Amino acid sequence: MYEPQSVEKRIYQFWEESGAFQADSSSEKPKFSIVMPPPNVTGSLHLGHAWNNTLQDIIIRYRRMAGYEALFLPGTDHAGIATQTRVEKMLREETGQSRYDLGREKFVERVWDWKREYGNRITNQVRAIGSSCDWSRERFTMDEGLSKAVRTVFVELYNRGLIYRGNRIINWCPRCSTALSDIEVEHMEVPGKLYHVRYPYVDGSGEVVIATSRPETMFADVAVAVHPDDTRYQNKIGKMLQLPLTDKQIPVIADNYVEQEFGTGCVKITPAHDPNDFEVGLRHNLEMPQCIDADAKMTALAGAYAGLSREEARIRVVEDLRQGGYMVKEEELLHAVGHCSRCDTVVEPFLSDQWFVKMGPLAEKALASLGRKELEFVPERFERVFTHWLDNVRDWCISRQLWWGHRIPAWYCDSCGEITVAMDTPETCQHCGSKDLRQDDDVLDTWFSSGLWPFSTMGWPNDTEDLQAFYPTSVLVTAYDIVFFWVARMVFTGLEFTDKMPFEKVVMHGLIRAADGRKMSKSLGNGVDPLEVIEKYGADALRFTLANGTSPGNDQRFYWEKVEGSRNFINKLWNASRFVLMNLPADEPLQDLDPGAFSVVDKWIVTRLQETVDEVSGHLLRYDFGEAGRALYDFTWDEFCDWYIEFAKLSLYGEDEAAKGQTRAVLVYVLDNVLRLLHPMIPFVTEEIWQSLPVSGPSLILASWPQPDQTWTFPAAVEEVRQVIEVIRSVRNIRAEMNVAPSKPIHLLIRANSVQSDALLHSVEPYLKRFCNAEAVDIGTNQTAPDKAVTAVFGGGEIYVPLTDLVDLGAEQERLQKERDRLQSEVLRATKKLSNQQFVAKAPPEVVESEKQKAAEYQQRLASVEERLAALMAD
RNA sequence: GCGGCUGUAGCUCAGAGGGAGAGCACCACCUUGACACGGUGGGGGCCACAGGUUCGAUUCCUGUCAGCCGCACCA
């Protein structure tokens, strides 16, 4: 039994130390490169990473074997919010201090300590799944070089007018105390209420009724808007309203944004707390007071409610509105509420000074480039998702109120108030020369640095050899859930700063789900730790599970049973290899392959191997890992193990030394190639086995990828062995159906229906004897059915198994009738097709021809079965 | 609202314009000298539904139903 635990660590170390993972930028070979989506340093490997890494590593190992200089560049990102939160929590637990107690500098130093201590945990986990990364090129988003790239891009974009600072509404997470970009907000349908509230006119001439889902923001109301065409309110525009629960007065204004049909057609305008109202505020030049602060608490503006949380405030405000007679009605409302994607807190639309990337021009460039087919998505459909998003992008808020991250290279002048943006800390203000400069406190969104990953990792902005050799990268492999976060940003920055798409292809895979189809998540506690899988079944089994039988871009569910199946396959391979090895002579060299001396089964397996090589290579080139895995599984188990090895035993246990030598050579040849083909998927076992095979080369990881060899294909042999197998199966079926114990020898008679068939059957007689457990085999073109025999019909003739004392005539009749029915329906199907003039006229000739052949063969078989049946009835 | 995915054996899923597949589960048999994480044989499916294109559709197109997922500021 194969035990991966004792093998995998050793093999990985061997590879790593042998330099097999290292790519040479000065190599003459064609280049192939992948940059790994950097996992969070704080994180630990989950099955999604495992899947992602498996696919990348399959691609890289395949290309490396196929003669490319292959680079798989690993690294991690600094994960601003996640890491900072983590270290803050640790700090609080250990010393009771907050980051403010420590101060920025000390705190950041603390995070670096943490990173140095735990940061290589995840990269060691990546090693455990076998990724053949070039660790000498490992990068971290906060490395000096990558930080320089970040500053360069920031300064450049600022100078090109694509980065600006503005006082705008952004998504604010009160718990994380930072701004978030639009895509870091998850909208969830939440039941709420639509409150209809009376706002009376100041002059006592009545009232308007507004509808709101957030009554607690009313203290920051600056107007009530109606549609300019709304006849109900046209003459009210400009009138003043008394804001309930306050002494404030606000005007009725007109704006096209209001929908007349919704609610009452009146909208309260709160520019500081609602993105739409903010736009209205800008259009009408309104004040933008805030009644909720950064901690999601009510400000002094809320008067008596100041200091309350927004939730408490709502309850109290609603109550007081009811008391005061302002509440008209309360309707149930299901509405989408933004939640922080990291901590699930309800996001507050918050007016503040932030930095933004102007997306319009960047998106346009990306769309143009996509239009020119400069990037290919696999599967294709993801391109639509991508372009649709690009069509509607909004500016990207990139500043984060954190300490851990790339600090924004912008300085404010206390003398003139202007901003200086520079690569290096400026001595003086660019505008007035003053030395009173303060650097912006904020850091950049982590994705800002991840967005530069394909080229920043290769040394950009310096013009390095790596960039020359390996950029643009060949493929990007990622799950579809981060196309917008990551892929899009890399595309923008790649085009803007390198004038190239950062990768030729984007290969998308799905998400891995729990067995019940739900997402794996910490809160549900239904996550499976890949390391546990590796510990129990080995990394190869995990990899094969994740790659085999999957479909591009689709999700998959995790099943331990599937891992078990993979483990069984690996074990099968291991045992087959043991068989091959134990049948090799210890001291003689292996014979050369001599196709002239091949037996029919040798020709067959060698041909099937060529076909498999062709098939698997094609699937891998198309990134169709599931199909590649399936083809290899079937060939290895069903054809090589179940049939060829069994055939080979005859020769190996026989007396013919020449045949034995050939068989050994074929076994080794096929196994060698199977190992090569399987290596990208299950690198550990294949390397381990390969090391003990009598083949030349330092390691499988550096061995060459098999090429299909047309001179070694014997199509006739494939057809012949197919027939031999059919005979053997038929006899086994007879044994099982007629309850003849496998241990009981039988007498086998075969009537060949052609000379060729006769010759073939004679040549494979030893196989028939062994596989059918026949004490005697009689083959001839004029064999006839003996009395009391069980019959089966195959393509090349008829099989008779005399069962003198055992035969149950009823059972045999039943068997033959079943077979007759089956054949009849086949004949019917074929003749029906052929009698259709349209089919014969319009279908491709080869299809018609093969249909004719089928019809003829089934006719013949049917006739045989009917004849036998008649004879049986006559008895 | 817009866009996308999925619907195939009891379960999980591949597949492809010309005879329905795999793994697991199930039934029967097998202590065969690589492997019981194994071997042999077997049962099981109107390929969601309705139209259309085609000589031919489970596969392509349209619609319906069901499940899921993105994107979207409707108070």
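Below, read A as the first sequence line, B as the second, and so on, with proteins coming before strands; counting in each chain starts at 1. All figures in this text were calculated on a predicted structure; none of them were measured in a lab.
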Sugar-phosphate only, base, or nothing, as touched by N836(A) at under 4.0 Å among non-hydrogen atoms: sugar-phosphate

In the structure shown, which nucleotide is the Watson-Crick or G-U wobble counterpart of A57(B), with both distances under 3.5 Å? none

Hey, does the side-chain of R384(A) have a donor or acceptor N/O within less than 3.5 Å of a partner on the base of G3(B)? no

Please give the nucleotide sitting opposite G43(B) as a Watson-Crick or G-U wobble pair, both distances under 3.5 Å, or none. none

Relative to the ring of Y480(A), is the ring of F382(A) parallel (under 30°), tilted (30 to 60°) or perpendicular (over 60°)? parallel

Which part of the nucleic acid does R829(A) contact within heavy-atom distance under 4.0 Å: base, sugar-phosphate only, or nothing? base

Is it the case that H196(A) and E331(A) place a side-chain donor and acceptor less than 3.5 Å from each other? yes

Of R513(A) and Q260(A), the one whose closest nucleotide on RNA chain B sits nearer the 5' end is R513(A)

Which word best sums up how the rings of F640(A) and Y644(A) line up, parallel for under 30°, tilted for 30 to 60°, or perpendicular for over 60°? parallel

Pairing partner (Watson-Crick or G-U wobble, both distances under 3.5 angstrom) of G19(B): none

Just call it for F262(A): base, sugar-phosphate, or nothing, with non-hydrogen atoms closer than 4.0 Å on any strand. base

Pick out which of F635(A), Y537(A), F544(A), Y2(A) makes a ring-ring contact (aromatic ring centres under 6.0 Å, His included) with F569(A). F544(A)

Under 3.5 Å donor-acceptor pair, E627(A) side-chain atoms to A16(B) base atoms: no

Is there, by distance only and without an angle test, a donor paired with an acceptor across the side chain of Y858(A) and the base of G19(B) below 3.5 Å? yes

Mate of A36(B) across any strand shown (Watson-Crick or G-U wobble, both atom pairs under 3.5 Å) is none

For U40(B), does OP1 or OP2 lie under 4.0 Å from any side-chain N or O of R735(A)? no

When both hydrogen-bonding distances must be under 3.5 Å and the geometry is Watson-Crick or G-U wobble, what is C73(B) paired with, if anything? none

Indicate, with a heavy-atom threshold strictly under 4.0 Å, whether R567(A) touches base, sugar-phosphate, or nothing. base

Base, sugar-phosphate or nothing for P349(A)? Non-hydrogen atoms, less than 4.0 Å. nothing

Quick check on side chain to side chain donor-acceptor pair (under 3.5 Å): which of R861(A), Q853(A), Q860(A), K854(A) does E857(A) satisfy it with? R861(A)

R518(A) near the nucleic acid: base, sugar-phosphate alone, or nothing, with a heavy-atom cut-off under 4.0 Å? nothing

Heavy atoms only, 4.0 Å cut-off, all strands: where does F569(A) land among base, sugar-phosphate and nothing? nothing

What's the NZ-P distance between K854(A) and G18(B), to the nearest Å? 11 Å

Counterpart base for A66(B), defined by Watson-Crick or G-U wobble contacts under 3.5 Å: U6(B)

